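Beneath this line is the structure, given in structure tokens, with notes to follow.
Atom set for the values below is all heavy atoms of this structure, side chains included, hydrogens, waters and symmetry mates excluded. The shown structure was predicted, so the numbers you read here are calculated from the model rather than taken from an experiment.
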Amino acid sequence: METFGDRLHRAMAQRGPLCVGIDPHPGLLTRWGLTDDVDGLERFCRTVVEALGDQVAVVKPQSAFFERFGARGVAVLESTIRQLRDSGSLVLLDVKRGDIGSTVAAYASAYLDPSSPLYVDAVTASPYLGVMSLAPMFELAATHGGGVFVLALTSNPEGAAVQRAVGADGRTVAQAVIDEIAQLNRGAQTLGSFGLVVGATIGDTGHDLSAVRGPLLAPGLGAQGATAADLRTVFGASLPWVLPSYSREVLHAGPDVAALRAAAQRALADCKAALGGF
């Protein structure tokens, strides 16, 4: 069975190091001339899949923007996931789930079990009930060739109070998260299947990412203020593992399919230049 890390490594080599988010918030639907309802949501997603599904390595739907429409919105998410997988892109579902025991096991089944209608290649997860509270996610991902991206150093200013707090061993909470994910990736031949979320807007982190050997998702590029050039400051020697992520910077070019593709290609060119021609 091919691991998520191997699939991601190949996808980035073939299509380039780029993740594009699907964040259909009300303002974006309006900008596209769509209604803020399930019909508008479905048309939006269908257009994004048509434009980018066979172009970019990873597409990242944000679950909350589908859930706000209830069961019909989740049905659109299920359909979008299927369409993206059929197009050849990897699907990273941005859900930031985190819990304990049977509950986190249920989250794992929802997203990382191939029998689920919400089955995706990887998910985002929150470690703040303890990194190993996510063990059912890690285990199911390993069983079925999936991936998990764990929040480490996020770009929101409120995150620093928790993530940069120092524990009894002298490490920050974020460094402890980083070190535990690095342990999960030990022995990976190309790229580990367990990654971290590290915001592109945070500057020099002062944290050691060198042992992770897994993908480093870098949101915050474009409309949130970071540029591709900022990746060098944030990640330093860990640049080969970075997966840059754009959302509004690309999606604002819609609803024209050609314009969306052009925006994604511009973002990819900037990322390749910043990452040293990956």
Side-chain angles (χ1 to χ4, degrees), residues 8 17-23 25 58-65 67 92-99 104 107 111 120 122-134 137-138 147-167 171-182 184-185 192-212 214-236 238-239 241-251 267 271 274:
L8 178 60
L18 180 65
C19 171
V20 176
I22 299 182
D23 297 355
H25 55 78
V58 181
V59 179
K60 180 173 65 70
Q62 167 48 259
S63 184
F65 291 116
E67 294 172 27
L92 167 57
L93 187 59
D94 196 355
V95 288
K96 299 184 179 70
R97 300 294 193 241
D99 215 301
V104 76
Y107 282 138
Y111 308 119
V120 290
V123 294
T124 57
S126 173
Y128 298 116
L129 290 172
V131 174
M132 292 317 295
S133 69
L134 300 172
M137 283 191 178
F138 301 144
V148 182
F149 288 80
V150 177
L151 303 178
L153 290 160
T154 58
S155 55
N156 63 305
E158 302 88 353
V162 173
Q163 296 159 12
R164 295 179 182 267
V166 178
R171 293 181 299 169
T172 66
V173 171
Q175 190 65 57
V177 171
I178 292 164
D179 294 345
E180 291 204 47
I181 297 304
L184 293 176
N185 285 326
S193 295
F194 303 105
L196 298 167
V197 180
V198 178
T201 62
I202 61 176
D204 186 349
T205 70
H207 287 69
D208 183 5
L209 296 163
S210 62
V212 175
L216 303 171
L217 181 70
L221 291 157
Q224 293 184 49
T227 67
D230 291 324
L231 297 173
R232 291 186 175 276
T233 301
V234 176
F235 295 99
S238 299
L239 278 176
W241 304 330
V242 173
L243 176 61
S245 182
Y246 287 79
S247 181
R248 282 173 287 175
E249 184 82 0
V250 172
L251 298 180
C271 291

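- Residues meeting the salt bridge (charged side-chain N to carboxylate O under 4.0 Å, His left out) test with Asp208, sequence neighbours left out: none.
- Partners of Asp230 under the side-chain hydrogen bond (donor to acceptor under 3.5 Å, both in side chains) rule, at least two apart in sequence or in another chain, are Thr227.
- Residues that satisfy the ring-ring contact (aromatic ring centres under 6.0 Å, His included) test with Tyr111, not counting sequence neighbours, are absent from this structure.
- Within the 4.5 Å cutoff, the side chain of Ile22 has no heavy atoms near those of the Phe65 side chain.
- Using a 4.5 Å heavy-atom threshold, the side chains of Arg232 and Leu239 count as touching.
- Here Ser133 pairs with nothing under the side-chain hydrogen bond (donor to acceptor under 3.5 Å, both in side chains) rule; sequence neighbours left out.
- Considering CZ of Arg97 and OG1 of Thr124, their distance stands at 8.5 Å, rounded to 0.5 Å.
- Annotation: side-chain hydrogen bond (donor to acceptor under 3.5 Å, both in side chains) contacts of Glu180 (sequence neighbours excluded): none.
- Every side-chain contact (heavy atoms from CB on, under 4.5 Å) that Ala174 has, sequence neighbours left out, goes to Leu153, Gln163, Thr172, His207.
- Among residues two or more places apart in sequence or in another chain, the side-chain hydrogen bond (donor to acceptor under 3.5 Å, both in side chains) test is passed with Ser126 by none.
- Paired with Val150 under the rule side chain to side chain contact (heavy atoms under 4.5 Å, CB included), one option of Leu217, Val197, Ile178, Leu134 passes, and it is Leu134.
- Two residues are said to be in side-chain contact when any heavy atoms from C-beta on lie closer than 4.5 Å; Val120 and Leu92 fail this criterion.
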Could you pull out all donor-acceptor pairs under 3.5 Å where a side-chain atom in residues 243-251 meets a protein atom, sequence neighbours excluded?
{"unit_1": "Ser247", "atom_1": "OG", "unit_2": "Asp23", "atom_2": "OD2", "d": "3.0"}

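- In this view, Arg171 and Asp169, Asp179 satisfy the salt bridge (charged side-chain N to carboxylate O under 4.0 Å, His left out) rule, not counting sequence neighbours.
- What you find for Val198 and Ala152 is that their closest heavy atoms are CG2-CB, 4.5 Å.
- Scanning both residues, Ala200 and Val234, for their nearest heavy atoms gives O-CG2, 3.7 Å.
- Every residue two or more places apart in sequence or in another chain that forms a side-chain contact (heavy atoms from CB on, under 4.5 Å) with Leu184 is listed here: Phe138, Ile181, Phe194.
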